[in-house]
Amino acid sequence: MRLTAARLHYDNSHDTEDAVAQLELRWRAIRGHLDAHGVGATVAEHLQRAVLGSLPTSGQAGRALVADHAGVVLNEPLLRGPAVPLVRVSALPYLMPFVEHGLTDPTYLLIAVDRTGADVTVHRDGRDEDTTVQGSGFPVHKAAGAETAGYGDPQLRAAEAARQNIREITREITILFDEVDPETVFVVGEVRARHDLLSALPGRVRDRVVTLADGARGSIDTDRLRADVDEHFLLRRNGAIGDAAQRFEAARDGGSGLAAQGLPGVCAALRDGAVDTLIIGDLQDRTVVLGEHLSEIAPNADVLSEFGAAPTASVRADEALPLLAVSTASELIRIDDRVYPDDGVGAVLRYRRRPA
């Protein structure tokens with residue numbers, strides 16, 4: 001199998017005052033690892049430009065680079081980096097740093113609402129689009145000392161104006177929701193306005209709402225708000241790991257036939273396209289063999305020959321298994337110590353496989 005690229009995963013934190021000055025020292029350490037892995041001068045120069053051109057990220061963070069002789073083909077920030085630079089030189093991409101530490105950037109709506117209108121942010125494709133919905137109802141507050149004689153009850157008029165504004169905000173948000181299809185709708189603002197908006201929203205929108213208590217419209221702590229949004233998605237990622245672990249254990253221990261573990265069982269399930277969720281633990285330096293195509297995968301040459309394929313390469317399991325899983329639309333989960341599948345790999349299956 002022909003070598004195609006060098007992959008670099010390194011710490012890119014900005015947690016010291018001299019972080020920029022430290023970048024040159026960091027590169028020198030990285031270059032030593034590249035040389036030790038036989039990365040040629042041309043590829044190393046591409047990586048050097050990328051490393052020195054990527055300013056350190058505020059706080060703890062990492063970065064993943066992929067480069068070949070033509071240049072850098074991937075340059076992505078990560079939630080964190082390894083203590084020691086990780087270099088891979090192989091024909092297959094190494095996806096696990098992105099699975100474990102990749103930044104999630106889902107589409108979401110952020111709505112700051114009060115009884116007069118709403119400021120709406122659409123976050124998608126890494127960019128924010130801001131718009132304002134201003135209600136036509138006025139006034140929404142009873143004037144001090146207002147009289148009722150001849151003019152109706154001012155309090156009732158203010159309440160109806162506020163309800164009218166909420167209806168108008170709801171209509172615009174629903175249209176935007178159906179257009180954007182966000183994963184989450186964050187709502188922030190004064191308690192009464194949040195309550196009224198949630199009560200008015202259609203169920204399909206309300207099901208994706210997360211309320212945040214980060215101040216009133218016009219006086220929101222934006223740093224705290226962004227931190228709360230990030231924390232929500234981080235907790236959701238951790239929840240997905242826990243859910244995958246529970247599904248795997250239930251299928252494995254319950255005798256449903258909807259789980260596989262160990263290299264032989266998982267390779268067989270991947271060949272059949274039966275893997276719904278691939279659970280990657282500590283595969284260490286285990287390898288698998290490939291035939292002419294990636295889908296021809298087995299724990300060893302003897303198993304591969306059983307279905308008429310000749311081995312063409314021995315590759316790292318932590319590179320080949322995730323790549324094949326992605327190519328068959330399987331979900332990838334980097335598991336922690338909540339579960340220990342055999343050989344460090346397990347799978348929840350889409351259907352019960354027939355015995356080989």
Please check this pair: side chain of D343 against backbone of V345, looking for a donor-acceptor N/O pair closer than 3.5 Å.
no

For the pair R271 (side chain) and S295 (backbone), establish whether a donor and an acceptor sit closer than 3.5 Å, ignoring hydrogens and angles.
no

Would you say the side-chain atoms of E76 pair up with the backbone N or O of A64, donor to acceptor, closer than 3.5 Å?
no

Going by atom types alone, do S90 and R316 pair a side-chain donor with an acceptor below 3.5 Å?
no

Is a side-chain donor or acceptor of H46 paired with a backbone partner of H69 at a separation under 3.5 angstrom?
yes

Looking only at heavy atoms, which two atoms of L92 and R7 are closest? And how far apart?
O-CZ, 3.2 Å

Given D128, L110, T131, L176, the one that forms side-chain contact (heavy atoms from CB on, under 4.5 Å) with V122
L176

For the student: nearest non-hydrogen atoms of L212 and V188, plus distance
O-CG2, 3.4 Å

Lys/Arg-Asp/Glu bridge criterion (N-O < 4.0 Å) met for R115, E190
no

Of all heavy-atom pairs linking I333 and A240, the shortest is CD1-O, 4.3 Å

Considering non-hydrogen atoms only, spot the tightest contact between R334 and D282 and give its length.
NH1-N, 4.3 Å

Looking only at heavy atoms, the pair that brings I280 and L332 closest together is CG1-CD2, 4.4 Å

Give a yes or no on whether the backbone of D130 and the side-chain of T121 come within a donor-acceptor separation of less than 3.5 Å.
no

Do R88 and Y94 form a cation-pi contact, if we require the NZ or CZ to be under 6.0 Å from the six-membered ring centre and within 45 degrees of the ring's axis?
yes

Please determine whether a side-chain nitrogen of the Lys or Arg among R208 and D181 lies less than 4.0 Å from a carboxylate oxygen of the Asp or Glu.
yes

R80 side chain vs H101 backbone, donor-acceptor pair below 3.5 Å
no

